[in-house]
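To start, the structure itself, in structure tokens.
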2 protein chains.
Amino acid sequence: MRETAQILREKGLKVTPQRIAVYNMLLSTSEHPNAETIYKALEPTNPTMSLATVYKTLDFFKQLGLVQELNVREGSSRYDAVVKCHPHTVCTECGQVRDLYMDDLTDIHKKLAKELDFEVECEQLILYGICADCQRKHAEG
Amino acid sequence: MRETAQILREKGLKVTPQRIAVYNMLLSTSEHPNAETIYKALEPTNPTMSLATVYKTLDFFKQLGLVQELNVREGSSRYDAVVKCHPHTVCTECGQVRDLYMDDLTDIHKKLAKELDFEVECEQLILYGICADCQRKHAEG
DNA sequence: TCCTAAACGATAACTATTTTTATATAATAA
DNA sequence: TTATTATATAAAAATAGTTATCGTTTAGGA
């Protein structure tokens, strides 16, 4: 894995412990955390970290294409270090957000957009429903 | 068209001028307005209307399945009287939000979800990009 | 018409986020 | 290395969108 510090430097960002911490945290998780969750996760090991810095850092990262923002009908945004547009599933019971890969969908969407004379920059597909775990709980309960 | 009053009554809601106004406004537009826009549109003809009532009314309608809430990377939610899940295009320049109908997509999504053991309740597809009008403006400018 | 629960409007409160400001720190050049 | 300087930081205050509160009004049934 390339050094986080180097990636930040290449993007023209000054390298600070806070930025490294936020980016590494996002790289190491697949749970699509929001700003609050990121802050809470980093606080123990980075006692000087502040929530405002997390927000500002995420905003920088977003603009530079280091992270992706995700809105799933919650009050706050979630973040993903996987920048490429990809679909997600969101469990309406436990709130779990998971990635979902499906390249052939993109082609269909592009064809559709072409018909509409709409130039697609990014397509966002979110499937809301019940995840396997919650379905099982229903069956048992 | 069925009377708005009757629809509200069937849903167990008391029929008030405010609720009728909000619902009719949503039925008559295709621009997916947010609460603020709805309020501003109704204020002239309903001088006693308050923004809080618009929010409360939209919340009722949402819970009863009379309207659909839509989040398109803006600070505020937009609303649609078309309840059935359907894709949207969002122009990142002018902010225009349009409906997009495509039934065969649903089948693809369902098949995909089945493989994942995920029970889909609602699928949300949003294409972000540049609308035809804004593309034309670019070409001219 | 009268009664009562529900809805209303005004405004305060709340939450997520952004901005401000004074201080601290990273990158650069000497 | 050290001094410089622009940028980043933390904390607090401000903001925007939304929700809660509360006294008043109204819809719908008796």
Side-chain angles (χ1 to χ4, degrees), chain A residues 3-23 25 32-64 66-79 95, chain B residues 3-23 25 32-64 66-67 69-79 95 97:
Chain A
E3 277 289 333
T4 298
Q6 195 190 330
I7 297 173
L8 297 182
R9 216 171 278 121
E10 279 169 11
K11 290 284 186 181
L13 283 178
K14 282 204 173 169
V15 179
T16 68
Q18 291 84 348
R19 289 176 178 175
I20 293 176
V22 170
Y23 192 58
M25 193 269 179
H32 308 80
N34 60 18
E36 182 83 26
T37 306
I38 295 170
Y39 172 63
K40 291 232 173 96
L42 296 180
E43 208 189 5
T45 47
N46 302 56
T48 80
M49 177 79 73
S50 96
L51 184 56
T53 299
V54 174
Y55 276 112
K56 214 181 288 184
T57 300
L58 288 171
D59 194 49
F60 272 121
F61 287 0
K62 189 176 62 178
Q63 284 178 47
L64 294 171
L66 280 174
V67 304
Q68 183 185 177
E69 194 180 4
L70 199 64
N71 261 6
V72 292
R73 294 179 179 174
E74 291 173 334
S76 55
S77 297
R78 287 166 171 262
Y79 292 87
Chain B
E3 278 289 333
T4 297
Q6 194 191 330
I7 296 172
L8 299 182
R9 217 171 278 124
E10 280 169 11
K11 290 285 185 180
L13 284 179
K14 278 198 178 177
V15 178
T16 69
Q18 291 86 346
R19 290 176 176 171
I20 291 177
V22 170
Y23 192 60
M25 193 270 178
H32 308 80
N34 60 19
E36 183 81 29
T37 306
I38 296 170
Y39 172 64
K40 291 232 174 93
L42 296 180
E43 209 189 5
T45 47
N46 302 56
T48 80
M49 177 79 73
S50 98
L51 184 55
T53 300
V54 173
Y55 275 110
K56 238 175 294 180
T57 300
L58 288 171
D59 192 50
F60 270 121
F61 286 0
K62 190 175 61 177
Q63 285 180 45
L64 295 170
L66 280 174
V67 304
E69 194 179 5
L70 200 61
N71 262 7
V72 292
R73 294 180 179 174
E74 291 175 332
S76 56
S77 298
R78 287 167 173 261
Y79 293 87
V97 177

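On a predicted model such as this, the values are computed, not experimentally measured, just so you know. Numbers restart at 1 for each chain; the letters A, B, ... are given by sequence-line order, proteins then strands.
Contact between A/Asn34 and A/Ser77 at its shortest, heavy atoms only, is CB-O, 3.0 Å. Summarising the geometry of A/Ile20 relative to A/Ala5, their closest heavy-atom pair is CD1-CB, 4.2 Å, with the distance given to 0.1 Å.
Fit an axis to the five pairs at each end of the helix from C/dT1-D/dA30 to C/dA30-D/dT1 and the two axes sit 30° apart, to the nearest 10 degrees.
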Between N or O atoms, less than 3.5 Å apart, protein on one side and nucleotides 12-14 of chain C on the other: list the pairs.
none

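Side-chain nitrogen and oxygen atoms of A/Tyr55 include at least one within less than 4.0 Å of the OP1 or OP2 phosphate oxygen of C/dT17.
The side chain to side chain donor-acceptor pair (under 3.5 Å) test applied to A/Lys14 returns no partner, not counting sequence neighbours. Listed by chain and number, the residues in a ring-ring contact (aromatic ring centres under 6.0 Å, His included) with A/Tyr23 are A/Phe61 (sequence neighbours excluded). Every salt bridge (charged side-chain N to carboxylate O under 4.0 Å, His left out) that A/Glu36 has, sequence neighbours left out, goes to A/Lys40. For A/Arg78, the side chain to side chain donor-acceptor pair (under 3.5 Å) test picks out A/Glu74, with sequence neighbours left out. In this view, B/Asn46 satisfies the side chain to side chain donor-acceptor pair (under 3.5 Å) rule with no residue, not counting sequence neighbours. For the salt bridge (charged side-chain N to carboxylate O under 4.0 Å, His left out) test, no residue two or more places apart in sequence or in another chain qualifies with B/Lys11. Shown here are the side-chain contact (heavy atoms from CB on, under 4.5 Å) partners of A/Lys62, two or more places apart in sequence or in another chain: A/Asp59, A/Val67, A/Glu69.
Atom NZ in A/Lys11 sits roughly 23 Å away from atom P in C/dA26 (whole-Å rounding). In this structure, the CD1 atom of A/Ile20 is 10 Å from the P atom of C/dA26, given to the nearest Å. At whole-Å resolution of the value, CG in A/Asn34 and P in C/dT17 are 7 Å apart. One interatomic measurement links the two molecules: CG of A/Leu51 to P of C/dT18, which rounds to 11 Å at whole-angstrom precision.
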- Task: Take nucleotides 6-11 of chain C nucleotide by nucleotide from the 5' end and write B, S or -, depending on whether a protein heavy atom sits under 4.0 Å from the base, only from the sugar-phosphate, or from neither.
- Result: SSSBBB
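A donor-acceptor pair is defined here as one N or O able to donate and one able to accept, closer than 3.5 Å; such a pair exists between the side chain of B/His32 and the backbone of B/Val97.
Using a 4.5 Å heavy-atom threshold, the side chains of A/Leu58 and A/Ile38 count as touching. Counting heavy atoms from C-beta outward, A/Leu66 and A/Leu8 have side chains that approach closer than 4.5 Å.
Taking the 5' to 3' direction, DNA chain D first and last meets chain A under 4.0 angstrom from a heavy atom at D/dA6 to D/dA12.
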Got a list of side-chain donor-acceptor pairs under 3.5 Å for residues 47-54 of chain A, not counting sequence neighbours?
| unit_1 | atom_1 | unit_2 | atom_2 | d |
| --- | --- | --- | --- | --- |
| A/Ser50 | OG | A/Ala52 | N | 3.4 |
| A/Ser50 | OG | A/Thr53 | N | 3.3 |
| A/Ser50 | OG | A/Thr53 | OG1 | 3.3 |

